[in-house]
Amino acid sequence: MTHGRLTTILLALAASLLLALGAAGCGDDDDDDGDNGGGGADTTELDTIRPGTLTVGSDIPYPPFEQGRAPDYDGFDIELINEIASRLELDVQIKDTPFDTIFRDLAQGKFDVVISGSTITDERERAVDFGDPYFLAEQSLLVQVDSDIQAIDDLPGQTVGVQKGTTGEAYVKEEAPDATVRSYGDLDDAFNALVAGQVDAVMFDLPGTQEAARTKEGLEVRESYDTGEEFGIAFQEDADALREAVNGALAEVKDDGTFAELYTEWFKKDPPQEILTATHTPD
Amino acid sequence: MTEPMLELHGVHKRFGTLEVLRGIDLTVLRGNVVCVIGPSGSGKSTLLRCINLLEPPDEGRIVLEGKEITAGSARGESLDFVRRRVGMVFQQFNLFPHKSALENVCLAQEKVLGRSREEAAKKGRELLGRVGLSDKASEYPERLSGGQQQRVAIARALAMDPHVMLFDEVTSALDPELIKEVLDVLRELAAEGMTMVVVTHEIGFARDVANYVVFMDEGVIVEEGPVRRVIDAPREERTKRFLGLVLQR
Amino acid sequence: MDVVFEQYFDFGLMRDEFGFVLDGFWQTVQLSIISGVLALAWGLVLALLRQLPGRGLAPVRGLTIAYIDLFRGVPLLLVVLIISGSFPFVAEGLGLPQSIGIPQWFGKPDPFWYGTMALTLTYGAYMAEVYRSGIEGVPGGQMEAARALGMSHGRAMRHVIVPQAVRRVIPPLLNDFIALMKDTSLVGVIALLEVVEAGRTVQAETLNSSALTLGALMFLVVTLPLARIVDRYIAREQGRFQRGLATA
């Protein structure tokens, strides 16, 4: 190749690279402008990443909490955060994020909040702060309908699928240390592996397993475990103002009946009394 | 009684639209040394490669030791028959670089003729001795000079006990000072009665060693005959011109 | 900047989690070696099939080329996901026992074997092309000489062409092996606990990414020497060429 030819090719490559970068900078991936009619007024004291917008991180899908495709996500968490944001006169932008790094990403400032069917735990609060709880959850064991596994005691020697970074993963490692744990980045992969027989069981939050049993063939929830888990919205550690504002809005949503409506819509029953009054103070 | 070792009748060979052999008729008697001379592009190499079916002719018949080898139906059989009786030495030596000289000479003996390792090695050393390379048996081709490599190539072909040897410009790729050692081997072979078809530019060699000369030009045999006659007293214009050109060198 | 250091270079964490990450790396190594050897062999088979002579064998050549095009053209990650997702059902459909559909051979879990299959099928295709360039790089005179001596096509390939071809392409084959070794990390997506997945597990539990850095270091311990071996091999061949000793 002649010197001149090579230079031309390199210049063309550099130009295309710059164009591509420019185009990427202009648009925004993973956008959901779940526009809920908020304006921009009076939000300057809530120091959000983008003024007037609440940037939300969530690992989608986890039905029935978050599901669907951008920009039309829905689910209990999605509708709840939309409701809260509208009380605060903020727009909502949802960013789909893998669960195993979601709290780290929040701590690094990629979102204002995380709502992702996630349990309040001390470990997580080393990096983030949680607001008041909005859901009571249990762990549960999902198996194939004809499985011999009846209880957690049957797990030693079996292979249990979990989602990486969840309390289900921690629970099964704690309570059934002789079981082989297979940790999937995507929740759905764990369920599909169970359907295919590649794992013998899945340990995950009860609403999630119930949904999987409902939508996938041949699965049923064998046992549930009262772990007293509470789901909360997560914030960066120094975002006290935002956290208090969101707690306030959440309390409003609970008090005026909207919460109960949403709960019944997604879970087909009334919310338990404790969740309507539960609060949480981060350490 | 000398019977024809090799007969070519009306052989044509085309490469795409280019007809390289345009009707060759040739008879080679047992024990003869036939030199094929002519300008580049005359089809000399192609002629040799048709004889051992490296390039099967498009038209015409070739008969080797009374058996027609161009009969289409017995393809595989013919190939075997030919290749076991006809040895070839190439201009570029084509030694197997990943094998020593002795291994080069033994490989086909073992794999094609089924000789045992010992048998093959014995024959191999004997042949290497005949071409003056006994001490190079375990050397690899990369350490041998061009002339030495070519002599190994000759030994390799001879190891198969051929009835006819084909030589395709075997000295053309050699430095001048190495040519003699190779020609000497050919000379000895001829003296021992091997039937040889030699494509060469070495007219001096032809005059000394060959008993028959064929002059080719543009795909046809222009003139052929006993060596003294063709070289010293060519009849055709083209032959005269070619020899005039070549001998002037 | 301190944050980056703390997140990725927490040596205390690396020390604590060293055994766990090393176990993952051992999976990586095993997967690499098994898949690598299989891919090297499968690639050679494909290359030989691809250049079988004769009109009658044209379908064989055609199928081989189609295979190579397919696996060079589809991302390895897709191959991993498709094999893992479909294998149990395909095996069931074909009436094969579960020990085939969900292979747990030699005590290794099924993602290990799905990964082996995906890596072998894909890298076999890449290596086939490398072998092909080696075979085509052997001077034509070699085959002619072998045939003139009476060797069949197959014998000539086996004793003359392939040994030379393989010698020529050892550097690119080694490079492909290094690439394969890095690509084993893709099998993590089906929950094989190889070194990247091990790092991510630690990351999810501790919210610190130093285990990933540790994994990277473990990789370098293997891939750097391999790269140097390739370089030295190339230099040696270059040297021989320049001294006029290499084959024409």
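Just so you know, these numbers use all the heavy atoms, side chains as well, and skip hydrogens, waters and symmetry mates. Protein chains get the first letters and strands the later ones, always in sequence-line order, with residue 1 at the start of each. Keep in mind that what you see is a predicted model, and the values were worked out from it rather than measured.
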Checklist entry - Do C:L207 and A:R126 touch side chain to side chain, with heavy atoms closer than 4.5 Å? => result no
Item to check | NZ/A:K216: more than 12 non-hydrogen atoms of other groups inside 6.0 Å | outcome: yes
Checklist entry - Where on A:N192 is there a heavy atom nearer than 4.5 Å to chain C: the side chain, the backbone, both, or neither? => result neither
Item to check | Interface moiety of C:S84 toward chain A, non-hydrogen atoms closer than 4.5 Å | outcome: both
Checklist entry - Does A:R182 pair with C:E197 as a salt bridge, N-O distance under 4.0 Å? => result no
Checklist entry - How close do C:P88 and A:A196 get, heavy atom to heavy atom, and via which atoms? => result CB-O, 3.7 Å
Item to check | Rounded distance (nearest 0.5 Å) linking atom CD of A:Q198 with atom CZ of C:F87 | outcome: 10.5 Å
Checklist outcome for this item: The interface call for A:V199 against chain C, heavy-atom contacts under 4.5 Å, is neither
Next on the checklist: What residues of residues 142-171 of chain A make heavy-atom contacts with chain C at a cutoff under 4.5 angstrom?
Outcome noted: A:K164, A:G165, A:E169
Item to check | Atom group of C:I102 that falls short of 4.5 Å from chain A, counting heavy atoms | outcome: side chain
Checklist entry - What heavy-atom pair brings C:V189 and A:D189 nearest, and what distance separates the two atoms? => result O-OD2, 4.1 Å
Checklist entry - Between atom CD1 of C:I190 and atom CG of A:D186, what is the distance when rounded to the nearest 0.5 Å? => result 13.0 Å
Checklist entry - Of the listed residues (C:A204, C:G101, C:G85, C:G188), which shares the most heavy-atom pairs with chain A below a 4.5 Å separation? => result C:A204
Item to check | Greatest number of heavy atom pairs closer than 4.5 Å to chain A - which of C:Q7, C:E205, C:R200 | outcome: C:R200
